[in-house]
Every structure is written in structure tokens, then in C-alpha cells.
Asker: 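Before I ask anything, here is the structure I am working with.
A note on names: the letters A, B, ... follow the listed sequences, proteins ahead of strands, and every chain is numbered from 1. Both backbone and side-chain heavy atoms feed into the values below; hydrogens, waters and symmetry mates do not.
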Protein chains: 2
Amino acid sequence: MTAERTTADTLAKTLRDAIIRFSRRARQARPVGDLTFSQLSALTSLQLAGALTPRELADMERVQPPTMTKIVGKLEERGLVARTPHPTDGRQVILAATDEGRAIYALHERARNEWLAVQLDRLTPEERETLARAAEILQRVARG
Amino acid sequence: MTAERTTADTLAKTLRDAIIRFSRRARQARPVGDLTFSQLSALTSLQLAGALTPRELADMERVQPPTMTKIVGKLEERGLVARTPHPTDGRQVILAATDEGRAIYALHERARNEWLAVQLDRLTPEERETLARAAEILQRVARG
DNA sequence: CACGATACTTAGCCTAGCTAATGAGCATGG
DNA sequence: CCATGCTCATTAGCTAGGCTAAGTATCGTG
């Protein structure tokens, strides 16, 4: 009981510290295509959705529009994402992954030699299952 | 089988995206004492260890020494951490939490009205257990 | 006691967030 | 039919948090 209570009380702290340290470690080993986490995540969303406006992408990624402008700017510089004008609304812009962007995404999806993938391979199947479930919970918490 | 294989293949991506979105969401709701994650994490390590040199703290937090200099600088400005000279080695410095720092830490440890704690309270016990286990795994991965 | 190694900091750079302000385009009410 | 107000994206400017490289002081040793 006491142990359970303590666990619940300190879970926020434990989780926060674990995540920040994990993030720092993972950042050092730049993933596929020398893209940052933010860039990779935005590219993933775009790839899955097909095409989005900056506003939609920002909402999906849980950032403010100006932040997304920056991230998309970087991706566009590298030719991974293209901006095209909206057909009927001159204010909006349509974002979509280019062929090269799709190639990077595909590479990333099964980059088994990448740092994180290697780490995950070393875990037991049960541990991977735990992480998969935790990822789903974290997404849900972020959404709420 | 196929599903398992796919899960293993895409876990890296899933986990990365979940963590980045969670982090962004959590950052918006600044935790206790208006401290950032980095500052809170450093304060936690210091608190648990009692006293550390900047190098030790940097190693523990998985950052480079100059980064820790900055973080400690912020904490010192707020009077949460004190630098004292090392008794025998003039090059080194001893970092320790001040009384105020310990108070903030204690507050943080059971801040059940904080955004993240509230979110966690809404989960089922099984989900919290999953997150607790995942936190341990992430720490281990970050260490390796 | 000079010289290399170590500890911390400083300097300078980048990414990634944010808010506030700007400018362009849409839509609507008189 | 156009003035006015809203929405969308971007720009400007700020902060935090990373990094490497260089600087400075101190230690320890040959």
C-alpha cells in the first residue's frame, strides 16, 4: 500500500526525469538523414496525412504555428517538404512530403542500425511491449 | 508474427514521436516553482546525492559540463542551489541544494495539483504501472 | 619548479519553443 | 460593392537548453 502510494506520488517526477535524460541521450545520436526529432516527427505526420496546412500540422505536433513555420522551413531547405498554394484560399498553404522526403521517411521507418533501434533490439520482448504501451499512453496524455 | 515484427520495426519511431509530443505538451504547463524540466531534474539529482561537483552532476544528467554550468547558474540565481569551494582542490566546486531548494523539491515531490500529476491520476493503476516500468527502461537505455 | 592534465567557465553557435506584431486574403453586413 | 473585421501564415524578437572550442586556474608529477 505504502509502496503503491509512494509510486503514484513520485511517478510524475520519475517519468519526467527519465524522459528528459532519454531525450538528451537520443539527441546526441542524430537519427536518420541528420534530421532532428522535431523535423522527423513533422515529416512523419505529413507523410501519414498526405497533405496538411501549417496550422493543421502545428496542431497535430502540439506546437504553435510560428514554431511549425521554422521546422517546415528547415525541411523545405533540404528539399524534403514542398509548399504549394491552396487552390481556393490564398491565405493558406499546402504542405506535402517530396519524393525525397518520402524516401527519408521510409528509410527511417526501418532503420535498424540507428542508435535507438539498436538499443531497443537489446531489450526483451516484454520490455519492448511495455514501451509500446507507454508510448500510446503518453500520446493520449499529450492529446488530453 | 507480422504484427510483432512491424511493432518492433516501428517502435523507435512511435516512441520518439510520443516522447516529443508529450514533452511539448508538458512544457506548456510549467511545473512547480516555475522551473523547467532541466532545472528540476538537476535539482532532484542534487537533492538525492546531497552534494556533487558540476562534472558529477553533468554526468548524471547526461549533459556536457558547459550545459550544466548554465543550468546551475539559473538555479543559483533563484537561490535554490549554492556553490561552495572544494575543501582541498581549488579547481573543483561543490554544489548543494539550499534550504529553499529543498523546499521546492519537497513541494514538487508531492505536487498532486500539478498538470502531469493530474493527468497521471486519471489513468488506471495498470497504466501508471506501465509508465513506471517504462521510465525505468528509458533510464537504463539513456545510461547505456 | 615547469609542464601536462584536470575542472570549471566563457564564448559563440544552433535548435526549439513561445508571444506579439505584420501582411495578405477572405467574407460579410450595410 | 466595399469597408471592416477575421483568419492564416510569417516575421521579429525573446528565452532555454543543447553543443564544441577556447580560456583560466589549479593540481600533481617528473
Asker: Starting at the 5' end of DNA chain D, which residue's closest nucleotide do you reach first, B:P65 or B:K74?
Answerer: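 Nearest-nucleotide comparison on DNA chain D picks B:K74.
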Asker: Give one of base, sugar-phosphate or nothing for A:T67, where a contact means two heavy atoms less than 4.0 Å apart.
Answerer: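 The residue A:T67 makes base contact.
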Asker: What is the distance, to the nearest angstrom, from the NE2 atom on A:H86 to the P atom on D:dA9?
Answerer: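 So the two atoms are 9 Å apart, to the nearest Å.
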Asker: Which part of the nucleic acid does A:P54 contact within heavy-atom distance under 4.0 Å: base, sugar-phosphate only, or nothing?
Answerer: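 Result for A:P54 = sugar-phosphate.
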Asker: Please check the phosphate of D:dC8 (OP1 and OP2 only) for any side-chain N or O of A:T53 closer than 4.0 Å.
Answerer: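 Checking A:T53 against D:dC8: no side-chain N or O falls below 4.0 Å of OP1 or OP2.
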Asker: Using a 4.0 Å heavy-atom cut-off, does A:Q39 contact any base of the nucleic acid, only the sugar-phosphate backbone, or nothing at all?
Answerer: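 Here A:Q39 touches the backbone only, sparing every base.
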Asker: Rounded to whole Å, how long is the line connecting atom CZ of A:R27 with atom P of C:dA16?
Answerer: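 After rounding, the reported distance stands at 8 Å.
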Asker: Over how many whole Å does the gap from A:L57 atom CG to C:dA16 atom P extend?
Answerer: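 Rounding to the nearest Å, CG of A:L57 and P of C:dA16 are 13 Å apart.
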Asker: Between A:T53 and A:R91, does any side-chain donor sit less than 3.5 Å from a side-chain acceptor?
Answerer: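 Their side chains do not contain a donor-acceptor pair, so the 3.5 Å distance test is not met.
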Asker: At 4.0 Å (heavy atoms only), tell me whether B:S23 reaches a base, stays on the sugar-phosphate, or touches nothing.
Answerer: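 Counting heavy atoms under 4.0 Å across all strands, no contact is made by B:S23.
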Asker: State plainly whether the residues A:E61 and B:R25 are in salt-bridge range, i.e. N to O under 4.0 Å.
Answerer: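 Result for this pair is no, no salt bridge flagged.
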Asker: Assign each of A:P66 and A:T88 to its nearest nucleotide of DNA chain C by heavy atoms, then name whichever residue's nucleotide is nearer the 5' end.
Answerer: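 Nearest nucleotide further toward 5': that of A:P66.
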Asker: For the pair made of CD in B:E56 and P in C:dA7, what is the distance, rounded to whole Å?
Answerer: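 Nearest whole value for this atom pair: 10 Å.
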Asker: A:K70 near the nucleic acid: base, sugar-phosphate alone, or nothing, with a heavy-atom cut-off under 4.0 Å?
Answerer: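 Contact class for A:K70: base.
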Asker: Grab the two heavy atoms, one from A:V93 and one from A:P54, that are nearest each other, plus how far apart they are.
Answerer: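 For A:V93 versus A:P54, the nearest heavy atoms are O-CD, 3.4 Å.
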Asker: If only atom types and distance count, is the side chain of B:R128 paired as donor or acceptor with the main-chain N or O of B:L123 below 3.5 Å?
Answerer: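 Yes: the side chain of B:R128 pairs with the backbone of B:L123.
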Asker: Using whole Å, report how far CD1 of A:I94 lies from P of D:dT10.
Answerer: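 Rounded to whole Å, this separation is 12 Å.
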Asker: Can you see if the side chain of A:T69 gets near the phosphate of D:dT10 - specifically, an N or O under 4.0 Å from OP1 or OP2?
Answerer: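 For D:dT10, OP1 or OP2 has a side-chain N or O of A:T69 closer than 4.0 Å.
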Asker: Return the value, rounded to whole Å, for the distance between atom CZ of B:R24 and atom P of D:dT15.
Answerer: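 So the two atoms are 22 Å apart, to the nearest Å.
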Asker: Taking all non-hydrogen atoms of both residues, which atom of B:M68 and which atom of B:A42 are closest, and how far apart?
Answerer: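 Distance-wise, the nearest heavy atoms are SD-CB, 4.4 Å.
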Asker: To the nearest Å, how far apart are A:M68 CE and C:dC18 C1'?
Answerer: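 In whole Å, C:dC18 C1' lies 14 Å from A:M68 CE.
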Asker: Does a side-chain N or O from A:Q92 land closer than 4.0 Å to OP1 or OP2 of C:dG25, or not?
Answerer: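 So the side chain of A:Q92 is outside the cut-off, no N or O lying under 4.0 Å from OP1 or OP2 of C:dG25.
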Asker: So B:S41, base contact, sugar-phosphate only, or nothing? Heavy-atom distance under 4.0 Å.
Answerer: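 Result for B:S41 = nothing.
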Asker: To the nearest Å, give me how far apart CZ (B:R91) and C1' (D:dG28) are.
Answerer: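 Going from CZ in B:R91 over to C1' in D:dG28 covers 8 Å.
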Asker: For D:dT10, does either OP1 or OP2 sit under 4.0 Å from a side-chain N or O belonging to A:R83?
Answerer: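 For D:dT10, OP1/OP2 do have a side-chain N/O of A:R83 under 4.0 Å.
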Asker: Using the closest heavy atom to pick a nucleotide of DNA chain D for each, name whichever of A:I20 or A:D89 lands nearer the 5' end.
Answerer: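 So the residue in question is A:D89.
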